[in-house]
Amino acid sequence: MKKVLSLTIVLFLFVRLSVLAGEGMWLPMLLQSLNEKEMKEMGMRISAEDIYSVNHSSLKDAIVIFGGGCTGEVVSDQGLLLTNHHCGFGSIQKHSSVEHDYLTDGFWAMSQAEELPNPGLSVTFLVRMEDVTENALEGVTEDMSQNDREELIKKNIEAIKDSATKDTHYKAVVKPFYYGNKYYLFVNEVFNDVRLVGAPPSNIGKFGGDTDNWMWPRHTGDFSVFRIYANKDNEPADYSEDNVPYTPKKFLDVSLKGVEKDDFTFVFGYPGSTEEYVPSYSISHITEVTNPVRIGLRGKRLDIMSKYMNADPAIRIQYAAKYAGVSNGWKKWQGENRGIKRLKAVEKKQAFEKQFNEWANATPERKAKYAQLIPEFEKTSKQYSDLDLAFTYLLEAGISGIEVVRYARSYSGLVRLCEAKDADKEKIIAMATRLTSRIDGHFKDYYQLIDEEVMAAMLTRYANDLPLKWQPDVLRDINKKYKGNFDAFAQKLFNKSMFTSKEKMIAFMDGFKKNKYKKIEKDPAYQLASDLIDFYLAKVQPGLAETSAKLDSLQRIYMKAQMEMQPDARFYPDANFTLRIAYGKVDDYMPRDAVHYRHFTTLDGIMEKENPDIYDYVVEDKLKELYNEKDFGKYAAKDGKMHVAFTASNHTTGGNSGSPVLNADGQLIGLNFDRNWEGTMSDLMYDPDQCRNITLDIRYCLFIMDKFAGAGHLVEEMNIIE
Ligand code: ARG
Ligand code: GLU
């Protein structure tokens, strides 16, 4: 027995003990103890303290959360900010119309006075972080139910946040790490006046569009430029003409030296979410249940959207951001499924679980704590999976997949306020005013016929593909009444509902009074939304909440057990949209047998891909001219070419978009903007052979700003290292 055990442990050590080269998204605060040595061995010339310091300004003071889901970095002493084009896309689009089509033509403010404000857009700096596990878990005991545990932790967290921000304008967040085995506090400073400074035309910023998205070789000039404004005391302030450019504690130096294969690089930013430590059952659920459903439903929606977008440039602008959003997940999940299969990730997890079980059963104490974990996972995952399928349909084919349903649903808060016995008049008016102010924005980017066709298509699949027991009653009723003809149903709904028409909505909301809520409730789009949600709340949500709480609890224990089983291993916490550092090397890869992908692309490739008939592959004359004359200025690489993008083995995920990619000296060499399709399974399991992040070479970014757009004054604002 002993012999067998030690053999499996040796095997196990071999498979799991150390994180793989390039793998990991590390906490800035722990860099010195966990990573600095390795980073230096890999070529880094700065120290962990230069990257993150509590006492001095450090690189972290130049990094921001951009908006709700991207990263950005400050590159001048006047608050100049770089992020991706696709991160600034929403803002660029909002300023765009057929007359001023900044999406198509690009936008460049030639002076600060021309920079455009973006209400609702903010950037967030991290002031400091702190391990608050002890305080967060105060009073928590092992025999508490998951719910009681969460309640208590929530209360503790509120207290931690209050005391951390007392008498300051800072905002605090406390997040669980390692599935609730650790808690960290983040004290943030949030700026609300962020102005658009520049964006290349989409045929540069989104070159290759959704066809090239998630793909290597890549030629996308995926950047946009913003500026942070502050009040006269350099503090956050709402937009005002009196605000001035923010003076940062730190801004990044920009290197024109470029990269060679095997150069050390690191990415500093906000990865959103990964699940590296979950059991095989979770991987199977994602790849076999939810991904295929989402891929199928979204594929259908995309077909419908593109049919209309290709026929009319106005609709193309209206739906540009929506299309990109829907398509992004659709394509990523396909890559993820493929990668998981190729990596045999489920089999690898199963093998690990076998070893884990042996370890867990090897002593009586462990047996008591951990022996039931895997069997419990198996049982609970099955129940969860079934319910989550119903939930996936509710979202993708219902309340978020169909625009009119989602829009009607956004009036539910108003209905609730009006219905209340002691309805609060002021609150009602405030909410009605807010909803009214959003009507224009909603309908600016809304095209009825797309939505009507999408509704029919989504409901048809909802009714045909989901097991009957999970189908909301309303769906069965429609199916019966219209004999499966959801087109007819959608047509009728679209004629009757007011949520499909701007004029109707404006007329309805004009002088809104409490009793009008009944008309909302009777609206067929609102009714459909309510019926779908009521079914979900009654039949799906209770079980889903129960099983996911159970899984959370199991996962917390499983995480702890995995760490206990491998006491010498380094564990990075799964991504949770907190500031992290990933490091690796500039590297090429072989996507399949005999095919070698070089680690960088050049402007030559843009000319190869050029196609004047396809929107995403148009190359403007100006760029061709610069190319033909090799007019690359100081931005050319040593080989005389204009390098566009490069790949490296940094472990990144969604949210890392716009993150600075830095060299061994901590200077900016590019903007992270994507991953390769073959490597998108790295959210679940990392493969050093296949996983690459895709970086826009900073030299191409500056070349476009300076030579193409004539905005060289922006480059002059930066500290350029030649
Ligand atoms: N795939 C990148 C990311 O995950 C870029 C997405 C935006 N680009 C696009 N063509 N949809 O977010
Ligand atoms: N494009 C992604 C983002 O918006 C980054 C790509 C990835 O998922 O790694 O964050």
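For clarity, every value in this text was computed on a predicted model and none was experimentally measured. Ligands are counted one by one from 1 in listed order, and the atoms in each one are counted from 1 as well.
Judged purely by distance below 3.5 Å, without hydrogens or angles, the side chains of Tyr323 and Asp210 never pair a donor atom with an acceptor atom. In this model, a donor atom of one side chain and an acceptor atom of the other lie less than 3.5 Å apart for Asp604 and Tyr627.
A cation-pi contact, defined as under 6.0 Å to the ring centre and within 45° of the axis, links Arg598 to Phe600. Geometrically, Arg316 engages Tyr615 in a cation-pi contact defined by less than 6.0 Å to the ring centre and at most 45° from the axis.
Considering CD1 of Ile283 and CD1 of Ile340, their distance stands at 5.0 Å, rounded to 0.5 Å.
What sits closest to atom 10 (N) of ligand 1 on the protein, heavy atoms only, is Asp210 OD1, 3.0 Å. The protein heavy atom nearest to atom 6 (C) of ligand 1 is Asn328 OD1, 3.2 Å. Atom 2 (C) of ligand 1 has its closest protein heavy atom at Asp674 OD1, 3.2 Å.
Of the listed options Asn213, Asp222, Asn672, Asn213 places a heavy atom closest to atom 8 (N) of ligand 1.
Close to ligand 1: Phe673, with a non-hydrogen atom less than 4.0 angstrom away.
The nearest pair of heavy atoms linking Lys171 to Val190 is CG-CG2, 4.1 Å.
A salt bridge (charged side-chain N to carboxylate O under 4.0 Å, His left out) check over residues 279-302, counting only residues at least two apart or in different chains, returns the pairs Arg298-Glu396, Arg301-Glu396.
The atoms of ligand 1 that sit less than 4.0 Å from any heavy atom of Gly209 are 10 (N).
Remark: Arg218 engages Asp674 in a salt bridge, criterion side-chain N to carboxylate O under 4.0 Å.
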*Walk me through it: do Tyr407 and Phe443 pass the test ring pair (Phe, Tyr, Trp, His ring centres under 6.0 Å)?*
CA-CA 10 Å; Tyr407 184 52; Phe443 285 101; 5.6 Å; yes
Could you pull out every N or O of ligand 2 that sits under 3.5 Å from a protein N or O, with the distance for each pair?
| unit_1 | atom_1 | unit_2 | atom_2 | d |
| --- | --- | --- | --- | --- |
| ligand 2 | 1 (N) | His86 | NE2 | 3.4 |
| ligand 2 | 1 (N) | Ser657 | OG | 2.7 |
| ligand 2 | 1 (N) | Phe673 | O | 3.0 |
| ligand 2 | 4 (O) | His86 | NE2 | 3.0 |
| ligand 2 | 4 (O) | Ser657 | OG | 2.4 |
| ligand 2 | 8 (O) | Gly654 | N | 2.9 |
| ligand 2 | 8 (O) | Arg675 | NE | 3.4 |
| ligand 2 | 8 (O) | Arg675 | NH2 | 2.8 |
| ligand 2 | 9 (O) | Arg675 | NE | 2.6 |
| ligand 2 | 10 (O) | Gly655 | N | 2.5 |
| ligand 2 | 10 (O) | Ser657 | N | 3.0 |
| ligand 2 | 10 (O) | Ser657 | OG | 2.7 |

